[in-house]
Structures are given as C-alpha cells and as structure tokens.
Amino acid sequence: MNKQFDALVIGAGFAGAVCARELAERGGKRVLVLERRSHVGGNAYDCLDAAGVLIHQYGPHIFHTNDQRVFDYLSRFTQWLDYEHRVVANIPGQPGRVQMPVPFNLTSLETAYGAERGAALGKKLMDAYGAETKVTILELRQSEDPEIRQVADYVYEHVFVHYTMKQWGQTPEQIDPNTTARVPVFLSRDDRYFQDRWQGMPLEGYTPIFERMLDHPNITVLTGTDARARMELTQGQVMLDGAVFAGAVIYTGAVDELFAFRFGRLPYRGLRFAFQTHDADFVQTHGTVNYTVDEDYTRITEFKHMTGQSLPGKTTTVREYSYAYTGQPGETPYYAIINQSNNALYQQYKTLAEGYENLHLLGRLAEYKYYNMDAIVAQALALADKLV
Ligand code: FAD
Ligand code: UDP
C-alpha cells in the first residue's frame with residue numbers, strides 16, 4: 001500500500017488547488033498534487049510575456065461572483081483590483097465600423113436605431129418585460145409583437161448568430177440555451193459584462209494565488225508530471241506507482257482521457273490564441289471587443305485594460321479562434337459541448353468512475369460542465385467539506 005500521502009490531486013487549476021489546500025489545512029492530510037503542465041494555475045495561469053506585459057496564457061479571465069464564501073476564501077490568497085469588465089460588439093456600419101455594448105442594452109439600441117427610435121423601442125421593451133430585466137435572445141425571438149421581433153432579429157443577426165457559429169460551429173438554437181443566456185439582452189443602461197456583487201482582478205495576477213494556496217507543509221506539488229504515468233485504475237482500485245492508493249483521489253482532468261476513451265471521445269471546442277504585442281499604450285477602447293458579425297476570430301482582448309498594469313509604450317492583445325477539438329497533440333479541450341447525447345456519454349464515464357470508491361471527479365473538465373472560476377471554487381470547497 002502506498003502510504004506516503006493521504007490524498008492525491010490531479011491538476012493544479014482552481015479545482016485541484018482549492019481542494020488540495022483544504023485537505024491539507026483543514027483535514028491535516030498529506031497531499032500529492034500532480035500537474036502535467038510546467039506550471040500551476042490551470043487555465044487561469046498568467047505570466048509576463050517577452051515585452052513584460054501580464055497576459056493570460058489560456059484566454060482572458062475576469063473574476064466575478066455572488067458567492068460570499070468563494071470571495072472570502074480567495075481573499076485569503078489575494079487582494080483585489082477593482083475592475084468591471086465592459087465589452088463592445090464591433091460590427092460593420094455605415095460608414096466604417098460601429099461599437100455597441102454587449103450585453104446588448106438600451107445604449108446599444110440607440111446606437112443601432114438612432115436616439116429617438118432607439119428610445120421608443122427601449123420603452124416598448126421595458127413595457128413588455130420590465131425595466132432592468134434580462135431577456136435571453138431565444139425568449140425575445142418568441143415575441144409576437146412585430147416591433148419587438150424586429151429588434152430580436154437585429155440582435156440575433158448582429159450579436160449572436162455569427163459569433164455563436166464561430167464559437168460553437170452551431171446556431172444559437174442548436175446549442176445549450178444556458179450558453180446564450182450567459183449574455184442576455186439587458187433592458188438597462190448598465191453596460192458591465194457582469195452584474196455580480198464581487199468582481200475584479202487579483203492585484204498581482206492569478207498565478208500568485210495558486211502559489212500561495214499550494215504553499216503548505218502538507219502539500220507536495222509535482223509540475224511537468226502527467227498522472228497517467230504514475231497512476232492506474234484497475235478493478236475498482238486506484239494504483240499509484242504500482243501500489244494501491246487508498247486515500248482520496250481528486251481528478252480534475254478530462255474524464256474520457258482518464259478511462260482511455262473507452263466509450264469514445266467526449267466532444268469539446270478548442271481555442272487557438274494569437275497573441276500580438278504592439279508599440280502603443282493601448283490599441284483598443286475596451287478590455288474585450290467581440291467581432292460579432294465578421295472576421296474569423298471571436299474576440300480580441302487587451303490585457304492591460306483588465307490587469308491595470310502600467311507599462312508605457314507596450315501592450316499585448318489576444319485573438320481567439322475556436323475549432324472542433326480532435327485530441328491531436330498540441331490541442332487543449334476548453335469548452336464541453338453540452339447537449340443530450342454528450343451528457344449521456346459523460347454519464348457512462350461517470351458511472352465507471354463511481355466504481356472507484358475513493359475517486360472524485362471535480363472541475364470543468366472532469367464534470368463536463370461550463371463552469372466559471374467561482375463555481376469551481378464553490379464545488380471544490382463543497383467536496384472538501386465532505387471529505388474532511
Ligand atoms: P483547469 O483550469 O483546466 O485545470 C485542470 C488542470 O488539470 C490543468 O492544469 C491540466 O493541465 C491538469 N491535468 C489534466 N489532466 C492531467 C493529467 N493527466 N495529469 C496531470 N495534470 C492534468 N471563468 C471565469 O470565472 N471568468 C472568466 O473570465 C473566464 N474566462 C475564461 C476564458 C476561457 C478562454 C476559458 C477556456 C475559460 C474561462 N473561464 C472563466 C473558466 C475557467 O477557466 C474555469 O472555470 C477554471 O479554470 C476551471 O478550473 P479547473 O481546475 O476545473 O480546470
Ligand atoms: N455570445 C454571442 N455574442 C457575443 C457574446 C456571446 O453570441 O457577443 C454567445 C455565444 O454563443 C457565446 C455565449 O454567448 O459562446 C457565451 O458567451 P460568454 O462571453 O459568456 O463566453 P465565454 O467568455 O465563456 O467564452
């Protein structure tokens with residue numbers, strides 16, 4: 001029996017790091033964390049690029065939550081920079097290009113239709129749905145009022161359909177409705193991307209949060225270590241380095257990979273990130289600009305807007321290109337593609353995992369869910385509550 005550690009955590013993203021810390025600190029367990037990348041932090045990892053700009057290696061991450069426990073917990077490991085994310089859609093207009101707030105709101109309406117007509121349409125929408133309410137694009141398209149339908153069609157065409165086709169290879173009707181519901185039409189002047197009670201950026205970046213969280217005498221972290229080289233699942237038992245491991249095993253990677261794709265691959269979307277450094281203080285007006293009608297990328301993010309970094313004369317942006325993940329070397333699964341048949345396939349893997357009493361699936365990949373960071377932290381704390 002493998003007795004050097006009491007718990008094994010695979011993956012050092014938010015799921016793995018929070019769980020490891022809690023088991024070590026609250027549970028007094030000796031925890032081994034295996035991470036196959038060369039660094040901790042999972043997809044929230046950030047670092048300085050060659051020009052000295054703080055970038056998010058795996059896409060832009062903005063922290064936001066309504067969960068006080070999550071906010072208080074992370075605040076043990078970081079101070080916060082006040083930051084409220086604002087996004088605009090960049091669309092072809094007459095003449096040149098036009099920018100309007102996303103989520104589409106009362107200001108967007110006036111940009112699209114002109115001040116007077118936009119205000120009248122805004123009033124009509126608020127009479128129908130209420131001021132300060134959020135209406136999903138799919139709901140809005142159900143309206144039988146011809147003017148509201150006209151607005152719905154405009155928003156569908158200028159904000160949702162092309163962006164969603166780029167991101168998912170499918171139309172808004174074909175994907176999980178909870179996905180487009182993340183970005184509703186908002187009958188408000190509030191042009192923030194999130195309305196959560198707590199939102200901001202970690203003052204010194206995300207990576208130091210992970211370094212502090214994992215800095216505990218009971219925790220051993222091995223980066224550059226793929227768990228598959230050390231761990232084996234056989235007949236209801238988890239083996240570590242050839243011996244039975246009886247402690248809790250928290251797995252935060254892709255579950256189909258854990259079981260060698262026995263039932264076939266779970267579908268995911270991958271992303272290619274194109275970073276570019278510019279000799280300028282800033283190159284765009286907002287942290288993120290969504291290209292909702294044309295271009296083959298979905299959005300461009302300029303990190304300095306978000307991180308508050310002061311670095312004159314240099315700024316770095318990232319363009320995101322989405323593609324159908326196939327599992328080729330160099331590809332990373334970023335988004336689970338939630339639908340009935342994929343959920344059923346996931347369930348087969350989950351049932352298989354349940355045959356291993358001490359194995360726990362946790363996180364965006366292992367649970368095959370579209371989780372934000374705060375939801376993962378909440379899940380990790382809940383699992384730790386159960387295990388401690
Ligand atoms: P991950 O961060 O993916 O960590 C899993 C870790 O496990 C990885 O480091 C991986 O290398 C490791 N691993 C996997 N298999 C093995 C193995 N066999 N052996 C060893 N290690 C292994 N959320 C927000 O709240 N706000 C945002 O603005 C936001 N923006 C996002 C933008 C993009 C482009 C993406 C893709 C996600 C975004 N998210 C955002 C979601 C956020 O990234 C996730 O909620 C969070 O990072 C998930 O944490 P996790 O620990 O579950 O997974
Ligand atoms: N979406 C869209 N146009 C936009 C923004 C979002 O069509 O300008 C849709 C799209 O389907 C996207 C989903 O809403 O995948 C969720 O957007 P969000 O910004 O939350 O995605 P994430 O940041 O997680 O990639």
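If you're wondering where the values come from, they're calculated on a predicted model, not measured in any experiment. Ligands are counted one by one from 1 in listed order, and the atoms in each one are counted from 1 as well.
- Residue-ligand proximity, E35 to ligand 1, at heavy-atom distances under 4.0 Å covers atoms 6 (C), 7 (O), 8 (C), 9 (O), 10 (C), 11 (O), 12 (C), 20 (C), 21 (N).
- By the 3.5 Å distance cut-off applied to N or O atoms, R228 is not counted among the residues near ligand 1.
- A cation-pi arrangement is absent between R21 and Y73, since the terminal nitrogen or guanidinium carbon is not both under 6.0 Å from the aromatic centre and inside a 45° cone about the axis.
- Of the options E257, M231, R364, the smallest heavy-atom separation from atom 37 (C) of ligand 1 is shown by R364.
- In Y58, the part holding a heavy atom less than 4.0 Å from any atom of ligand 1 is the backbone.
- Considering both main-chain and side-chain atoms, T292 never comes within under 3.5 Å of ligand 2 through any nitrogen or oxygen pair.
- With 3.5 Å as the limit, one finds no donor-acceptor pair spanning the side chains of H39 and T207.
- Shortest contact from atom 51 (O) of ligand 1 to any protein heavy atom: A15 N, 3.0 Å.
- Ion pair R86/D191 flagged as a salt bridge, since at least one NZ, NE, NH1 or NH2 atom sits closer than 4.0 Å to an Asp/Glu carboxylate oxygen.
- Contact annotation for atom 9 (O) of ligand 1: protein present (non-hydrogen atoms, distance under 4.0 Å).
- In this structure, atom 20 (C) of ligand 1 lies nearest to the protein heavy atom R36 N, 3.2 Å.
- Between the choices Y370, Y371, Y335, the shortest heavy-atom distance to atom 21 (O) of ligand 2 belongs to Y370.
- In this structure, I209 CD1 and F14 CZ are separated by 5.0 Å, a value rounded to the nearest 0.5 Å.
- Counting protein heavy atoms only, atom 1 (N) of ligand 2 is closest to Y163 CD2, 3.6 Å.
- Looking at K369 and Q379, their side chains never bring a donor and an acceptor atom within 3.5 Å of each other.
- Taking the six-membered ring for Trp and thresholds of 30 and 60 degrees, Y334 and F273 have ring planes more than 60 degrees apart, a perpendicular arrangement.
- Donor-acceptor pairing under 3.5 Å is lacking for the side chains of Y58 and H56.
- One hydrophobic cluster holds both Y193 and W198 under the rule that ILVMFWY side chains link at heavy-atom gaps under 4.5 Å.
- Looking at ligand 1, you won't find any N or O of R299 less than 3.5 Å from one of its N or O atoms.
- The shortest N or O to N or O distance between H61 and ligand 1 is below 3.5 Å.
- In terms of polar-atom proximity, L362 is not counted as a contact of ligand 1, lacking any N or O under 3.5 Å from an N or O of the ligand.
- For atom 17 (O) of ligand 2, the choice among V183, T164, V293, T180 with the nearest heavy atom turns out to be V183.
- Here's the thing with F194: none of its N/O atoms is less than 3.5 angstrom from an N/O atom of ligand 1.
- The closest side-chain donor-acceptor pair between T225 and E35, if any, does not fall under 3.5 angstrom.
- At least one N/O-N/O distance between Y193 and ligand 2 falls below 3.5 Å.
- The atoms of ligand 1 that sit less than 4.0 Å from any heavy atom of P60 are 28 (O), 29 (C), 30 (N), 31 (C), 32 (C).
- Those atoms of ligand 1 with a heavy atom of R37 less than 4.0 angstrom away are 9 (O), 11 (O).
- Using a 4.0 angstrom heavy-atom cutoff, Y45 does not count as in contact with ligand 1.
- Of all the heavy atoms of D226, the ones lying under 4.0 Å from any atom of ligand 1 are found in both the backbone and the side chain.
- Contacts of A17 with ligand 1, taken as heavy-atom pairs under 4.0 Å, are absent altogether.
- Looking at G11, A375, G13, G224 and measuring to atom 4 (O) of ligand 1, the nearest heavy atom belongs to G13.
- With Y45 as the aromatic partner, R37 does not meet the cation-pi criteria of under 6.0 angstrom to the ring centre and within 45 degrees of the ring axis.
- For the residue pair T78 / E204, no side-chain donor-acceptor distance below 3.5 Å is found, with atom types taken as modelled.
- Of all the atoms in ligand 2, the ones that sit under 4.0 Å from a non-hydrogen atom of Q167 are 15 (O).
- At least one cation-pi condition fails for R212 and F77: the charged atom is not both under 6.0 angstrom from the six-membered ring centre and inside a 45 degree cone around its axis.
- Using bins of under 30°, 30° to 60° and over 60° for the plane-to-plane angle, the ring pair Y268/Y325 lands in the perpendicular bin.
- Set against the non-hydrogen atoms of G253, the atoms of ligand 1 under 4.0 Å away are 14 (C), 15 (N).
- Side-chain contact check for N105 and R192: no donor-acceptor pair (N or O, by modelled atom type) lies under 3.5 Å.
- Remark: R364 is positioned above the aromatic ring of Y335, its terminal NZ or CZ atom under 6.0 angstrom from the ring centre and at most 45 degrees off the axis.
- Comparing F14, F210, Y335, Y334 against atom 33 (C) of ligand 1, the shortest heavy-atom distance belongs to Y335.
- Between the side chains of Q170 and T164, no donor-acceptor pair is found at a separation under 3.5 Å.
- The option with the heavy atom closest to atom 26 (N) of ligand 1, from among I10, T298, V318, I62, is I62.
- Inspection of the S75 and W80 side chains reveals an N or O donor paired with an N or O acceptor under 3.5 Å.
- A cation-pi arrangement is absent between R262 and F259, since the terminal nitrogen or guanidinium carbon is not both under 6.0 Å from the aromatic centre and inside a 45° cone about the axis.
- For the pair Y371 and ligand 1, the shortest N or O to N or O distance falls below 3.5 Å.
- Remark: distances from the non-hydrogen atoms of R299 to ligand 2 include one below 4.0 Å.
- Not a single N or O atom of G41, backbone or side chain, sits closer than 3.5 Å to an N or O atom of ligand 1.
- Ranking the protein heavy atoms by distance from atom 20 (O) of ligand 2 puts R182 NE, 2.8 Å first.
- Taking both residues in full, the closest heavy atoms of P103 and P184 are given as CB-O, 3.1 Å, listed atom of the first, atom of the second, then distance.
- Between V159 and ligand 2, at least one N/O pair is under 3.5 Å apart.
- Atoms of ligand 2 lying under 4.0 Å from any heavy atom of T179, numbered from 1 in the order shown and given with element: 13 (C), 14 (O), 15 (O), 16 (C).
- Those atoms of ligand 1 with a heavy atom of G363 less than 4.0 angstrom away are 52 (O).
- For atom 34 (C) of ligand 1, the closest non-hydrogen atom on the protein side is L271 CD1, 3.5 Å.
- Considering both main-chain and side-chain atoms, I376 never comes within under 3.5 Å of ligand 1 through any nitrogen or oxygen pair.
- Within the 4.0 Å heavy-atom shell around ligand 1 one finds T225.
- Among protein heavy atoms, the minimum distance from atom 47 (O) of ligand 1 is reached at N43 CB, 4.0 Å.
- The protein atom (non-hydrogen) at minimum distance from atom 19 (N) of ligand 1 is A227 N, 2.9 Å.
- For the residue pair T351 and Q348, no side-chain donor N or O sits within less than 3.5 Å of a side-chain acceptor on the partner.
- Remark: ligand 1 and A44 share no N or O pair separated by less than 3.5 Å (distance only, no angle test).
- Relative to the six-membered ring of F282, K304 meets both conditions, a distance below 6.0 Å and an angle of at most 45° to the axis.
- Counting only heavy atoms of the protein, atom 23 (N) of ligand 1 lies nearest to M373 N, 3.3 Å.
- Using modelled atom types and a 3.5 Å distance limit, the side chains of S38 and T223 yield no donor-acceptor pair.
- Shown in contact with N290 at under 4.0 Å from a heavy atom are these atoms of ligand 2, numbered in order with element: 4 (C), 5 (C), 8 (O).
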